[in-house]
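Shown next, in structure tokens, is the structure this report addresses.
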Amino acid sequence: MRTSWADSVDNSASENAATAASDSSGLTRPTRSTYVLPHLRNRQPPSTDPPDRLHSVPSSANGRVGFGGPTTGLCWPGGSRPDLGRAAHNGSGGGRGRSGWSTRNGGWDRGREHEANPFVDDDNAEQAISEQENTGINFEAYDDIPVETSGDTVPPPVNTFAEIDLGDALNQNIRRCKYVKPTPVQRYSIPISLAGRDLMACAQTGSGKTAAFCFPIISGIMREQYVQRPRGARTAYPLALILSPTRELSRQIHDEAKKFSYQTGVKVVVTYGGAPINQQWRELERGVDILVATPGRLVDLLERARISLQMIRYLALDEADRMLDMGFEPQIRKIVEQMDMPPQGVRQTMLFSATFPKEIQRLASDFLSNYIFLAVGRVGSSTDLIVQRVEFVHEYDKRSHLMDLIHAQKESGMRGKQSLTLVFVETKKGADSLEHWLYVNGFPATTIHGDRTQQEREKALRSFKSGKTPILVATDVAARGLDIPHVAHVVNFDLPNDIDDYVHRIGRTGRAGKTGLATAFFNEGNSSLARPLADLMQEANQEVPAWLIRYASRTRTSHGGGGGSGRNRRSWGGRFGGRDFRRENSFNRAMDYHGGAKGSGGYGFSGGYGPGVTSAWD
DNA sequence: AAAAAAG
């Protein structure tokens with residue numbers, strides 16, 4: 001049985017009580033002194049704000065003290081593994097010159113001690129907030145998770161990181177990240193990727209997808225020590241490309257990848273729009289193995305020949321279904337098919353998302369070669385950890401209703417700043433206007449959307465993460481992938497039109513095995529979402545209001561009971577549910593999953609490794 | 001129809 005949201009907030013509050021008790025900056029205190037109205041924000045000087053300083057304060061802790069590094073001074077990565085590449089550059093061993101993995105910085109990174117320690121933030125700021133945080137994933141929530149694989153000769157999953165030959169350096173970083181054992185998606189996808197196979201992976205929000213595609217890439221690059229890259233004075237030749245749909249997500253992936261690749265010699269660079277391109281050029285000139293990027297800026301750099309993709313061995317698309325939807329597909333096609341990237345089959349391609357509609361899968365198969373399809377958990381969301389509520393709220397009542405929710409949340413045990421509320425709205429204008437209204441009413445809120453400058457966007461995100469403004473009003477720019485600890489409540493102030501967007505939005509809470517609450521405001525304008533929403537909630541064992549079910553049956557489409565056609569089809573399917581309600585449509589949903597796309601190619605289910613249809617989640 | 005992504 002489910003604990004109530006208030007309970008879970010109470011629990012986490014008491015978990016944190018020891019360390020957070022002295023924190024007096026409550027939710028209720030609007031930070032008016034630093035608040036700037038939206039229309040005045042462009043005049044802000046490029047100042048560093050407190051959250052940033054918070055992270056950089058302990059300069060004395062910079063360097064190698066944070067993770068107990070000195071104890072490992074004698075076992076540099078690869079010290080006992082000559083095949084692990086760059087270790088040879090360390091100290092006096094580096095006599096290979098340009099035959100190493102990165103011709104551009106072969107001589108530069110000998111002094112690895114100059115590589116900033118990406119773990120200092122964790123050790124100082126994050127741990128102070130919550131000891132629990134970095135021990136991360138609540139693995140009990142992942143026990144007996146259903147898994148399905150299909151494709152030729154699927155490599156078996158592993159149960160521990162130790163079973164995987166990732167290399168000493170990477171293993172050490174995994175320990176520094178305090179990852180104790182792999183999440184389900186990692187257990188399955190890492191062996192697949194290490195075997196060199198292309199992969200299309202669906203896994204719940206917050207289940208560790210980033211590491212799942214980063215580890216094999218980093219490990220693979222470390223092995224390719226003799227990769228000879230062309231020498232172009234101004235052109236960078238990355239070996240791996242990771243694409244994501246928003247700038248903030250690209251940044252987040254970059255920051256994660258930096259941790260994973262610390263002291264491996266593998267260089268990670270991020271590039272995205274809205275930020276000065278010169279700085280990014282300089283970074284690229286210093287050498288890049290893994291490039292993380294948003295599509296627009298990458299195309300720009302490709303057209304200026306600052307980047308060549310001809311050495312790409314690994315291509316990963318995060319939020320792959322978004323990357324291939326109408327808005328992005330032409331750009332992705334250009335990058336993948338019309339520039340100088342090696343074709344599928346030559347490079348290794350990995351697609352990851354929590355949702356994967358059938359029609360997008362069909363598109364995606366253009367980029368893949370003999371790929372393995374992997375579905376981990378109830379595809380669509382980590383729903384059991386998220387308590388979902390739907391309330392009927394008229395348009396004109398939404399604001400006061402939101403105010404009630406925030407007050408209720410405040411009273412139900414938010415003592416520190418670690419209980420954050422993320423409010424999704426449909427439009428950028430709506431975001432500004434709601435944020436302004438919240439401000440006027442004394443709520444410490446900020447907003448993130450595509451009409452704000454990149455500086456404003458990143459500042460808003462920092463301010464939210466730090467708890468300085470524990471309410472964030474966002475458009476769908478924040479719907480996918482962002483990993484924000486302590487988001488206790490996601491409010492769908494305006495529901496999206498696509499149920500997949502809903503899945504991603506609520507996935508901003510209930511991360512890494514923690515619980516969360518998601519509240520949606522539903523009214524006549526959302527009738528097209530009634531059925532898919534009711535179905536999703538029911539599948540996740542949520543309480544579905546009777547009025548929503550009535551709405552759902554009223555808006556049944558002529559295509560029949562499956563939720564209609566088009567964008568609101570059920571894309572996650574009920575393959576893992578054991579209940580009759582799901583079985584009824586299991587055939588249709590199986591078709592949804594696999595789209596019949598490779599019907600002649602022998603892509604049957606093999607599914608012999610997972611626990612099949614047994615699931616603690618049902 | 002909106003949002004995102006180049007400037």
Side-chain angles (χ1 to χ4, degrees), chain A residues 42 241-254 270-281 284 291-307 317-336 338-339 353-355 357 360 395 422-435 447-458 460-461 472-482 490 492-505 507-508 521 523-529 566-568:
Chain A
N42 283 325
L241 176 63
I242 300 172
L243 292 172
S244 96
T246 65
R247 298 162 181 175
E248 287 77 12
L249 183 54
S250 277
R251 230 186 122 137
Q252 175 182 300
I253 294 167
H254 166 262
V270 65
T271 182
Y272 53 78
I277 203 166
N278 285 338
Q279 215 172 322
Q280 296 180 359
W281 267 343
L284 289 166
L291 180 64
V292 186
T294 50
R297 176 57 61 88
L298 177 61
V299 167
D300 190 7
L301 288 165
L302 288 169
E303 282 170 350
R304 301 186 198 206
R306 290 295 189 142
I307 292 175
L317 303 193
D318 199 10
E319 308 297 341
D321 58 331
R322 169 61 84 234
M323 301 304 283
L324 293 171
D325 81 3
M326 284 199 329
F328 273 120
E329 198 223 348
Q331 276 179 304
I332 301 301
R333 246 178 224 291
K334 175 163 191 173
I335 292 167
V336 176
Q338 288 154 35
M339 304 303 290
S353 184
T355 54
I360 302 287
E395 216 53 45
L422 180 50
V423 183
F424 282 104
V425 296
E426 195 58 18
T427 66
K428 295 177 277 197
K429 242 183 82 182
D432 275 339
S433 124
L434 179 58
E435 185 229 21
T447 181
I448 186 167
H449 60 69
D451 272 355
R452 305 198 72 191
T453 67
Q454 192 53 27
Q455 220 175 33
E456 290 168 333
R457 285 166 57 161
E458 290 177 12
L461 198 53
L472 179 66
V473 182
T475 61
D476 270 332
V477 71
R480 283 173 172 258
L482 296 186
V490 169
N492 274 291
F493 189 90
D494 302 319
L495 272 164
N497 293 313
D498 189 326
I499 189 68
D500 283 351
D501 291 333
Y502 172 85
V503 166
H504 285 274
R505 286 179 177 188
R508 295 319 95 211
F521 295 172
N523 62 34
E524 303 87 345
N526 310 113
S527 51
S528 72
L529 202 68
R567 42 198 307 167
N568 274 341

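Below, all heavy atoms of this structure are taken into account, side chains as well, without hydrogens, waters or symmetry copies. Residue numbering restarts at 1 for every chain, and letters A, B, ... go by the order of the sequence lines.
- Note: CD (E248(A)) to P (dA4(B)) measures 10 Å, nearest angstrom.
- Among the atoms of the strands shown, only primed sugar atoms or phosphate atoms (P, OP1, OP2) are found under 4.0 Å from some heavy atom of G273(A).
- Partner M339(A) forms a side chain to side chain contact (heavy atoms under 4.5 Å, CB included) with one of V299(A), L302(A), I307(A) and no other, that one being L302(A).
- One can place CD of E319(A) at 19 Å from P of dA3(B), the figure rounded to the nearest angstrom.
- With rounding to whole Å, D325(A) atom CG is found 9 Å from dA4(B) atom C1'.
- Remark: R247(A) is not in phosphate contact with dA4(B), judged by side-chain N or O atoms under 4.0 Å from OP1 or OP2.
- Taking only side-chain atoms of F328(A), from C-beta outward, the nucleotide of dA5(B), dA3(B), dA1(B) with the closest atom is dA5(B).
- Using a 3.5 Å distance cut-off with no hydrogens or angles, the side chains of D432(A) and H449(A) do pair a donor with an acceptor.
- Side-chain nitrogen and oxygen atoms of K428(A) include at least one within less than 4.0 Å of the OP1 or OP2 phosphate oxygen of dA4(B).
- In this structure a side-chain-to-backbone donor-acceptor pair under 3.5 Å is present from R508(A) to L482(A).
- Atom CD1 of I332(A) and atom C1' of dA5(B) are 9 Å apart (whole Å).
- Distance CZ (R480(A)) to P (dA2(B)): 20 Å, rounded to an integer number of Å.
- The NE2-P distance, from H449(A) to dA4(B), rounds to 8 Å in whole Å.
- When the side chain to side chain donor-acceptor pair (under 3.5 Å) test is applied to R247(A), the partners found at least two apart in sequence or on another chain are Q454(A).
- The side chain of V477(A) approaches dA4(B) more closely than any other nucleotide in the set dA1(B), dA2(B), dA4(B).
- We find that CZ of R505(A) is positioned 13 Å from C1' of dA4(B), with the value rounded to whole Å.
- D500(A) places its CG atom 21 Å from the P atom of dA2(B), with the value rounded to the nearest Å.
- The phosphate of dA4(B) (OP1 or OP2) has a side-chain N or O of T475(A) nearer than 4.0 angstrom.
- Applying the 4.0 Å criterion to OP1 and OP2 of dA5(B), one finds that R457(A) has a side-chain N or O inside that range.
- A salt bridge between D498(A) and R505(A) is absent, with no side-chain N of the basic residue lying under 4.0 Å from a carboxylate O of the acidic one.
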